[in-house]
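Take a look at the structure set out below.
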Amino acid sequence: MTSIEVRNAYVDFPIFDAKSRSLKKKVLGKVGGRIGTESKVPVIEALHDITLSVRSGDRVGLVGHNGAGKSTLLRLLSGIYEPTRGTALIDGRVAPVFDLGVGMDQEISGYENIMVRGLYLGMTRKQMEKRVDDIAEFTELGDYLSMPLRTYSTGMRVRLALGVVTSIDPEILLLDEGIGAVDARFLNKARDRLVDLVKRSGLLVFASHQDDLLLELCTSAVWMDEGRMKMHGSLREVLKAYKGKDPYENISPQTAARLGVEKPVSASKGGE
Ligand SMILES: Nc1ncnc2c1ncn2[C@@H]1O[C@H](COP(=O)(O)OP(=O)(O)OP(=O)(O)O)[C@@H](O)[C@H]1O
């Protein structure tokens with residue numbers, strides 16, 4: 001069965017070229033994992049004693065401040081990082097969607113990039129051949145699909161990458177928030193495809209700062225803080241604790257309608 005089991009896992013990054021004198025001054029920072037200065041070189045404790053079990057059907061959101069450890073945790077769950085201590089057992093085919101640009105080649109055409117990126121995400125050539133027309137239509141890139149990628153604007157690249165990403169059939173889908181960083185009109189168009197993609201996926205872990213997208217794609221959540229799991233529970237409860245207010249207070253009427261929930265009347269003033 002598709003699953004990920006993480007037990008007492010730590011991820012440390014030793015930093016060999018840090019300016020250790022200024023580290024001794026201990027400037028109090030609000031973001032990032034703890035920096036240990038006991039050993040010869042400073043060590044960033046990006047993940048600290050993580051125990052997490054994700055199974056088929058789970059849709060987990062990762063929330064937390066900048067540097068809290070969300071991306072590092074995604075990389076641990078994908079097998080890209082090995083834990084420094086502890087274990088991470090991954091059972092299933094992983095599609096890591098961290099950076100929309102990864103696996104894209106500047107010198108080959110949009111069509112060719114669709115194939116290459118699909119293979120990188122675990123699809124076969126045959127599967128991608130069947131999907132290429134659908135992806136091409138979604139991107140609205142027309143004749144540009146025959147041009148080399150270097151001729152594309154940033155937004156055009158995002159369209160291409162999102163088209164491919166939302167066409168795959170992953171067992172384990174790991175999404176980093178970059179996916180949300182596209183213009184609102186195109187995101188609207190991509191949203192349905194993203195929702196379908198998540199439905200097709202065995203399990204999802206999604207790191208994001210955007211409540212709307214989290215509410216749409218996830219049911220449970222983990223709140224990361226200084227590399228530790230501060231809370232694990234239903235998405236609504238975790239967002240409530242993290243933000244200090246009910247996430248449904250902030251969502252747009254359109255999102256409320258899509259989610260089939262009633263937007264509660266704003267009761268408290270909170271904030272990150
Ligand atoms: N390759 C690396 N080398 C050294 N330190 C790293 C590396 N990657 C992450 N870190 C550190 O690990 C900690 C966690 O970073 P991570 O990128 O996982 O945070 P995040 O929660 O995804 O943040 P954001 O919301 O800003 O993307 C930070 O203190 C960061 O400085």
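Note that ligands are numbered from 1 as they come in the structure, with each ligand's atoms numbered from 1 the same way.
- When the side-chain contact (heavy atoms from CB on, under 4.5 Å) test is applied to Lys199, the partners found at least two apart in sequence or on another chain are Val195, Asp196.
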side-chain contact (heavy atoms from CB on, under 4.5 Å) between His48 and Asn8: does it pass, once the steps are laid out?
CA-CA 8 Å; His48 184 97; Asn8 307 107; over 6 Å; no

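- For the pair Gly67 and ligand 1, the shortest N or O to N or O distance falls below 3.5 Å.
- For Ile15, the heavy-atom gap to ligand 1 drops under 4.0 angstrom.
- Using modelled atom types, one side-chain atom of Asp105 and one backbone atom of Glu107 make a donor-acceptor pair closer than 3.5 Å.
- Ligand-side atoms of ligand 1 in range of Ile44: 5 (N), 11 (C), 12 (O), 29 (O), range being under 4.0 angstrom from any heavy atom.
- You'll find the side chain of Arg117 reaches within 4.5 Å of the side chain of Val165, heavy atoms only.
- The closest approach between a heavy atom of Gly69 and any atom of ligand 1 is below 4.0 Å.
- Proximity of the aromatic rings of Tyr111 and Tyr144 is defined here by a centroid distance below 6.0 angstrom, and this criterion is not met.
- By the criterion of a heavy-atom distance under 4.0 Å, both the backbone and the side chain of Thr72 are placed next to ligand 1.
- Heavy-atom proximity to Ala46, at under 4.0 Å, picks out these atoms of ligand 1: 12 (O), 13 (C).
- Checked against a 3.5 angstrom limit, the closest N/O atoms of Ala68 and ligand 1 fall inside it.
- Ser201 contributes no side-chain N or O that, together with a main-chain N or O of Glu171, makes up a donor-acceptor pair within less than 3.5 Å.
- With a 4.5 Å cut-off between side-chain heavy atoms of Ile, Leu, Val, Met, Phe, Trp and Tyr, the cluster of Ile108 takes in Val116.
- Ligand 1 is never approached by Glu45 to a heavy-atom distance shorter than 4.0 Å.
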Asp211 vs Lys243, test: salt bridge (Lys or Arg N to Asp or Glu O under 4.0 Å). Steps then yes/no.
CA-CA 10 Å; Asp211 292 1; Lys243 301 261 166 124; 2.9 Å; yes

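- Applying the 4.0 Å criterion to heavy atoms of Asn66 picks out, from ligand 1, the atoms 23 (O), 24 (P), 25 (O), 26 (O).
- The part of His209 lying near ligand 1 is the side chain, judged by heavy-atom distances below 4.0 Å.
- Taking a cut-off of under 4.0 Å to the non-hydrogen atoms of Ser71, the atoms of ligand 1 that pass are 17 (O), 18 (O), 20 (P), 22 (O), 27 (O).
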